[in-house]
Novice: 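Okay, handing you the structure first.
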Amino acid sequence: MVKNNIEVDVKVKCIEQGKTQVQLAEEIDTTKAYVNRVIKKQGGVVNKTFVQMMEVLGYDIELTYVRRGK
């Protein structure tokens, strides 16, 4: 199981950066609709097979976000 709430994580990071999802989408050359679909879709960010493998091995998944230096 992926422990993170990807949708909330992205929204919080956008707020921290002072960006909207529209701006985020423009910066990665896609649409707001696609960004929204990716972050709302269960299993959309982490490969389902990878999650299943880790579950069988007895692990849950937690994503950690590390700010890159500028």
Novice: With side chains defined as the heavy atoms from C-beta onward, is the minimum distance between Ile39 and Val45 less than 4.5 Å?
Specialist: no

Novice: Hey, could you give me the CD/CG distance between Glu55 and Leu57, rounded to the nearest 0.5 Å?
Specialist: 10.5 Å

Novice: Linking I/L/V/M/F/W/Y whenever their side-chain heavy atoms sit closer than 4.5 Å, directly or via other members, would Val12 and Val2 fall into one cluster?
Specialist: no

Novice: Which atom pairs, one a donor and one an acceptor, fall under 3.5 Å between side chains of residues 60-68 and the rest of the protein, sequence neighbours left out?
Specialist:
from  : atom 1 : to   : atom 2 : distance (Å)
Asp60 : OD1    : Met1 : N      : 3.3
Asp60 : OD2    : Lys3 : NZ     : 3.4
Tyr65 : OH     : Asp9 : OD2    : 2.6

Novice: Would Val46 and Ile6 satisfy side-chain contact (heavy atoms from CB on, under 4.5 Å), going step by step from the backbone distance to the final call?
Specialist: CA-CA 10 Å; Val46 180; Ile6 304 297; 5.6 Å; no

Novice: Anything under 3.5 Å between a donor and an acceptor, one on a side chain of residues 25-35, the other on a protein residue two or more places apart or in another chain? List them.
Specialist:
from  : atom 1 : to    : atom 2 : distance (Å)
Glu27 : OE1    : Lys19 : NZ     : 2.9
Glu27 : OE2    : Lys19 : NZ     : 2.6
Thr31 : OG1    : Tyr34 : N      : 3.1

Novice: Please answer whether the main-chain N or O of Thr49 pairs with a side-chain N or O of Asn47 as donor and acceptor at a distance below 3.5 Å.
Specialist: yes

Novice: Just by modelled atom types, is the Cys14 backbone N or O under 3.5 Å from a matching donor or acceptor in the Gln17 side chain?
Specialist: no

